[in-house]
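Just follow the structure's listing: the first ligand is 1, and inside any ligand the first atom is 1. As the structure is a computational prediction, the values presented were derived from the model and not from experiment.
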Amino acid sequence: MDKQIILKNVDFIYQPDLPSEKQALTNVSLEIENGEFMAIVGKTGSGKSTLVQMINGLLKPTLGEVTVGDIKINNQTNNHNLSELRQKVGMIFQFPEKQLFEDTVLKDVAFGPINFGDDEPTAKTKAIKALSIVGVSKKLYDRSPFELSGGQMRRVAIAGTIACEPQILILDEPTVGLDPNGKNEILKIIHQLNEKGVTIIMVTHDMDVVAQNANRVVVMNKGRVSSDSTPRELFANPELIANNSLALPDSVQIYYDLVHDGIQLSQIPLTANEV
Ligand code: ADP
């Protein structure tokens with residue numbers, strides 16, 4: 001498999017040389033392959049957001065190097081060279097609907113492709129494709145995004161990123177604030193994209209989402225990678241769970257006491273299908 005993203009000995013310091021200086025990442029090395037579905041978990045302040053911003057060039061490493069495909073980013077990289085990276089790596093922040101701004105749904109979703117240099121008809125075609133992937137009906141294309149329900153607004157916002165056809169999609173708590181139905185709908189969309197080959201990197205506090213979706217989970221602790229394993233391996237490690245104040249997925253909770261009695265890793269059911 002291709003190594004699509006490589007972080008090599010990455011440190012990141014906010015406000016270096018000021019009294020408020022804060023080292024947010026220390027010696028982070030990670031390799032992510034094409035098509036992975038990776039979750040990033042850890043306490044608030046452990047460096048998750050800083051880490052994902054290294055991957056789309058919003059922040060540049062203070063030390064070390066990040067490679068995405070054939071693009072290299074280090075402390076010396078000029079921002080002008082990062083436009084190709086921003087197109088390759090789509091980023092969906094928490095509450096992405098706050099970033100909607102155009103007066104119609106279609107214009108809002110077409111904004112990204114136009115910004116990356118597409119002409120209007122091409123951008124519109126990409127926007128329509130993205131809106132159909134997220135399940136927003138044609139009837140809503142000419143409506144103001146601000147008139148939609150919360151769940152619909154989030155879909156439109158996600159469509160805006162998908163329309164740029166990223167190879168890598170980074171999501172920061174994409175299901176936060178949604179009801180269980182809305183949450184499942186969004187996860188289904190993310191899954192479909194992953195099946196089409198888009199690499200998914202998702203920051204989340206929701207361990208059910210990790211158990212049921214991710215093939216790999218990285219635990220951040222005080223700016224370092226504390227563990228990098230499958231969800232099954234993580235949830236069978238009580239010490240790691242406790243040290244990082246992680247919750248347990250509902251599916252695992254009922255079996256958890258058994259872990260202490262020496263249950264085999266392979267016996268822990270992670271999804272409803274396995275229970
Ligand atoms: P997480 O996403 O896991 O909550 P962050 O990456 O946001 O963690 O933060 C890592 C550390 O960097 C924290 O100690 C946080 O307070 C600090 N930090 C984050 N953003 C800034 C900033 N803009 N300026 C200074 N320190 C920051």
Side-chain angles (χ1 to χ4, degrees), residues 5-30 32 36-66 68 73-75 77 79 82 85-86 89-99 154 157-158 161 168-178 183 186 190 199-211 213-214 216-229 231 234-235 237 239-249:
I5 303 166
I6 302 174
L7 284 87
K8 207 170 157 201
N9 306 114
V10 168
D11 280 14
F12 184 79
I13 301 175
Y14 286 102
Q15 287 134 31
D17 303 325
L18 292 175
S20 54
E21 169 176 305
K22 170 78 204 170
Q23 177 137 3
L25 295 177
T26 305
N27 201 24
V28 171
S29 293
L30 278 177
I32 303 170
E36 283 204 68
F37 194 132
M38 189 171 105
I40 301 178
V41 305
K43 290 180 201 172
T44 301
S46 60
K48 304 179 297 294
S49 297
T50 309
L51 172 62
V52 294
Q53 290 179 76
M54 294 283 125
I55 300 172
N56 82 338
L58 268 183
L59 298 173
K60 287 179 278 188
T62 310
L63 278 180
E65 189 169 73
V66 178
V68 181
I73 317 142
N74 58 33
N75 201 17
T77 306
N79 282 340
L82 294 178
L85 180 70
R86 301 261 157 80
V89 186
M91 179 104 176
I92 296 173
F93 293 95
Q94 277 189 43
F95 300 104
E97 54 276 18
K98 286 186 188 156
Q99 290 162 51
R154 187 156 309 178
I158 292 176
T161 302
I168 300 161
L169 191 57
I170 297 177
L171 304 109
D172 196 347
E173 299 281 4
T175 58
V176 88
L178 297 179
K183 177 174 144 178
I186 297 293
I190 298 168
T199 304
I200 305 292
I201 301 173
M202 186 193 288
V203 173
T204 183
H205 279 98
D206 189 329
M207 295 304 137
D208 284 297
V209 169
V210 174
N213 296 278
R216 177 176 175 190
V217 53
V218 163
V219 182
M220 293 300 293
N221 189 314
K222 299 195 178 110
R224 294 175 187 266
V225 174
S226 155
S227 141
D228 182 354
S229 71
L234 170 63
F235 296 129
N237 188 333
E239 206 179 329
L240 202 53
I241 295 284
N243 287 347
N244 290 286
S245 310
L246 299 174
L248 280 172

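- Contacts with ligand 1 closer than 4.0 Å are made by heavy atoms of both the backbone and the side chain of Lys48.
- Checked by atom type and distance alone, the side chain of Lys48 pairs as donor or acceptor with a backbone atom of Gly42 at under 3.5 Å.
- Of all protein heavy atoms, the one lying nearest to atom 9 (O) of ligand 1 is Thr50 OG1, 3.9 Å.
- Looking only at distances, a side-chain donor or acceptor of Arg154 sits under 3.5 Å from a matching main-chain atom of Pro174.
- Of all the atoms in ligand 1, the ones that sit under 4.0 Å from a non-hydrogen atom of Ser46 are 1 (P), 3 (O), 8 (O).
- Contact annotation: Lys43 has at least one heavy atom less than 4.0 Å from an atom of ligand 1.
- Between atom 12 (O) of ligand 1 and the options Gly223, Ala24, Ser49, Gly47, the minimum heavy-atom separation is to Ala24.
- At the top of the distance list for atom 4 (O) of ligand 1, counting protein heavy atoms only, stands Gly45 N, 2.7 Å.
- Remark: minimum distance from atom 22 (C) of ligand 1 to any protein heavy atom is reached at Tyr14 CD2, 3.5 Å.
- When atom types are taken as modelled, the side chain of Gln15 and the backbone of Asp17 share no donor-acceptor pair closer than 3.5 angstrom.
- Nearest to atom 17 (C) of ligand 1 among the protein's heavy atoms is Lys22 CG, 3.8 Å.
- In this structure, atom 24 (N) of ligand 1 is in close contact with the protein, since a protein heavy atom lies within 4.0 Å of it.
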